[in-house]
Amino acid sequence: MPLRLTALAAALMLAGSALAADRIKVGFVSTLSGPGAGLGVDIRDGFNLAMKQMGGKLGGIPAEVIIADDQQKPEVAQQISEKFLKKDKVDLMTGIVFSNIMLAVGPAVFESKTFYISANAGPSQYAGEQCNPFFFNVAWQNDNLHEAVGKVVQDKGFKNVVIVTPNYPGGKDAVSGFKRYYQGKVAEEVYTKLGQLDYAAELAQIRSIKPDALFFFLPGGMGINFVKQFVAAGLSRETQLFAPGFSADEDVIKAVGAPMMGMFNSSHWAHDMENAENKRFVAEFEKEYKRLPSLYASQGYDAALMMDAAVRDVKGKVEDKAALQKALEAKRFKSVRGDFRLNSNHYPVQNYYLRVIGKDGEGRITNRTMGTIFTNHADAYVAQCKMK
Amino acid sequence: MAFYRPAAWQKPLSLALLCALLALPTGLEALGQEFYIGFATRVLIFALAATSLNLVLGFGGMVSLGHAAFFGTGAYVAAICQQAGIAEALLAFPLAMAAAGLLALAVGAISLRTRGVYFIMITLAFAQMAYYLFVSARAWGGDDGLSLSRRMTLAGFSLASDTALFFAALAALAATMLLFGRLADARFGRALQAIRENETRMEALGYPVFRYRLVAFALGGALAGLAGALLANQTGLASPGLLQWTQSGTLLVMVIIGGVGYLYGGIVGAVVLLMLEETLVGFTEHWHIVLGLLLLGVVLFAPKGVAALFGKRHG
Amino acid sequence: MTQLLLEQALNGLQFGLMLFLLAAGLTLVFGIMDCINLAHGSLYMVGAYFVAAAAQAADSFWIGLGAGVAGAAVLGLLLEVTLFRRLYQRDHLSQVLATFALILIANEAVRLIWGPAPLMLNPPEALAGPVEIGNFFYPAYRLVIIAFGVAVAALLYLLVAKSRVGMWVRAGAANREMTEALGINVRALFTAVFVFGAALCALAGGLLGPLLAVQVGMGESVLILAFVVIIIGGIGSIRGALVGSLIVGTVDTLGRALLPTLLRAMLPADAASTLGPALASILIYLLMAGILFFKPQGLFPSRA
């Protein structure tokens, strides 16, 4: 009799431990130093705000978030990722800003069957041929915001355009995205070095071309320096600047200021969006961090919400990969950008809006939403994805 | 600097160390700390790289700020081999060593004609040139470096498991130490150290000083290339950062901490530095300050390094 | 076309003159005290941080510049008295390692105090736009940098060639023992030279801050260029530093500007744009090797 009870007790204990993990571990690796630091810091702050609002829990279970800085170097990101996967044995990962780093880290993460929820990097490779069930993107596919700008430039009738972007996968996606919707003449494609800060040589070259519009994609510190130097060289008088939301959000505006007024940009989110979740997010973010959130912060916030909803759906059993994947695909949370759904390649299908930089009601220089460019727009690579 | 003489307890100690290392993976697995097998492999690889620099700097007296170029070249050649379809280490590793060694031969042939600070600067310049060359090569990954899709095989055995790679690295290091020990005690090693002490006298005695130095420089480069090839397998990435002069600096730091001119100086230095990094990083992310202060302390107060505290000095 | 060439030439001049500010201090320390200072780039970085922090606190670029340079001079004094003094007699390897240690400490200390994200430094309002001369436009701020560079070069020329202190400096570079024997307080001279070098670094860092970014590790890349400059110019020679930095500045800028255009005729756009700057960089090292082949002591050796 006692033997059977002991066996029963043992069986119950084992079953109990299979019911729920006692802790959810999240590995957060991002660029927190160097010229790209502004982006990583924003994603982290947005993520942390959501965690704080949820009481440090995901799906009701206490969560441990391990934060590390990849210094924008793929080899450092790889080392961190290896530690997350093999030593800390994290359940979920997120945070990476740059696509080249994402592509370097991805293979090991997917091989270990760990889910990666991207709060920024959306390489075309993972949307198309190399799509993977363990990769989810809660932001956009790299091309999308550039496609939106391309459409705007096309609709506004500009004829002589110069493109400036860094020479890395995200940059190449920018060019292909822009050219997918802009049908006019591209006078020049200027490729700069990732992390480059002095654009004197490129600006002199641009001046000699005399474009009527300039489309640039230079995230973080690169964009700040470019816009400052662009205006300092007197080029803003003859050339209208266009950029995706990345190069025109709060971090850049704060650093550049007045010279940016009048710049058009595209985004999937804006802080003046009217839905309840967004109003709460913006208000809390301003209170906590004393600054307006950027689109990066909104993405970090949404990534946490996505994890929370999925963990709740599987009742904490994150070891059940198939169930967790279904829960993530269901996307059962309310995003701050309004409604959107996930495509079969785990990338969002959503609206894209036109914003312009000007002064708001309180006299602050910031973005104002002007209209919708795309409705329920999907990425161009989903057909190449052979998932399910 | 004193001449190196093998101490009596060296052979038994190295045998004991080897046995301990052979048992390490099993031990770590039993403790549930498999992650540290990868860490130990990294230590072995850097020990090999530092030892190769010790040959050049410690025994040869050549202050080279360009050693990282050979380290990085080894890594890239391994990755390129894999890309070209050569997945057998017994083919790829010697190729990496040959490439790194030839590069070292070329760099040495030009640099060793200069002296003092000019030598330091020229080796630095060559390292930077190698860096820019690899960074600008789009076919080899450019800024992001070149990835290895999977680890290589050694004589048919896959190196995919951490333990397998650990043993491969251990074998490489053990073989190197054997070679190094023989060289140091033989005529080549003694002549090299004598040149380090008094070049003019050795020249007067009729020794081909330039040739001795060049051989040491090239050999050091080849061994660094082997370490690089192993590292590429371990991390799965040959990154241009490996070629930067700051990487040379790190290797120099290992050698100086471990003990310049002592046979095990490279190993001791690599162990100390990497263990320091691993432990300190848990306490503070600003552990570099501690390292910097330690290095300053060593330079100012214990210039012969840690190994000197244990080794005997002869002559 | 003239606008383009003239603009690129001015860019090269601006870059070269800023390199000169760094190279001048480095060549003096190296030439007179025979000390390799790898941490020279860190002085540049810390100087830039001082300027940025002071400019933010005082809400004025010029006050920030002055305060930052003064602060860097004080730091230089402290470093010289506590550490560098001990290194003059040591061998080059020890100097390399000790100053490498300083780089590690400086990078982390800066990250500790000001955080890992870059500091914002903006040029003065009045200089934020372009200057128009007829049809020619050029950023006003860059012209100011050029003016500073030319002024410092002139000042150094007067100091070194025409003043007594300069004479001592030149004597010390040529033959230290003799200078000491002549009764010059060489120790004070060394300190003064080091402090002056640190101040020049900070000036360069503060002036370039608004153009580039004030961030951790900004000194490492520029340090190599400074070394190349003084090797080309000749260790210990200010004139060599000026000529060397102008050569390097022009070759690098024109290389970055013209090579992509040349290469684009032969290769696709993105390849040309990676290869261009890379080749331009290698060009500088090849130039150095070439000059050393014909003149192993550099263009203007100061040693007898």
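Lettering follows sequence order; numbering is per chain, from 1. All figures in this text were calculated on a predicted structure; none of them were measured in a lab.
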Undergrad: For A:I224, which atoms come within 4.5 Å of any heavy atom of chain C: side chain, backbone, both, or neither?
TA: side chain

Undergrad: Given a strict heavy-atom distance threshold of 4.5 Å, which part of A:Q205 is in contact with chain C: side chain, backbone, both, or neither?
TA: both

Undergrad: Is the closest side-chain donor-acceptor distance between C:E220 and C:N107 under 3.5 Å?
TA: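 There is such a pair between these side chains.
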
Undergrad: Determine the sole option in C:L43, C:L21, C:L26 for which the side chain to side chain contact (heavy atoms under 4.5 Å, CB included) test with C:C201 is passed.
TA: C:L43

Undergrad: Are any of the side-chain nitrogens in C:R142 or A:D198 under 4.0 Å away from the carboxylate oxygens of its partner?
TA: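 Salt bridge: yes.
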
Undergrad: For the candidates A:K254, A:Q196, A:R207, which exhibits the highest count of non-hydrogen atom pairs separated by less than 4.5 Å from chain C?
TA: A:R207

Undergrad: Could you tell me whether the side chain of A:Y182 and the main chain of A:G177 form a donor-acceptor pair under 3.5 Å?
TA: no

Undergrad: Side chain from CB out, backbone as N, CA, C, O: work out which of these in C:F137 comes under 4.5 Å of a heavy atom of chain A, or both, or neither.
TA: both

Undergrad: Does the pair A:R291/A:E250 count as a salt bridge with the N-to-O cut at 4.0 Å?
TA: no

Undergrad: Under the 3.5 angstrom rule, does the side chain of A:N167 hit a backbone N or O of A:Y191 as a donor-acceptor pair?
TA: no

Undergrad: Measuring heavy-atom distances to chain A, does C:A128 have an atom under 4.5 Å in its side chain, in its backbone, in both, or in neither?
TA: backbone

Undergrad: Side chain, backbone, both or neither: which part of C:L119 has an atom under 4.5 Å from a heavy atom of chain A?
TA: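 Contact with chain A is absent: no heavy atom of C:L119 under 4.5 Å.
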
Undergrad: I need the residue from A:A200, A:G234, A:G257 with the largest number of non-hydrogen atom pairs under 4.5 Å to chain C.
TA: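 The candidate making the most pairs under 4.5 Å is A:A200.
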
Undergrad: Let me know if A:A37 has heavy atoms under 4.5 Å from chain C in its side chain, its backbone, both or neither.
TA: side chain

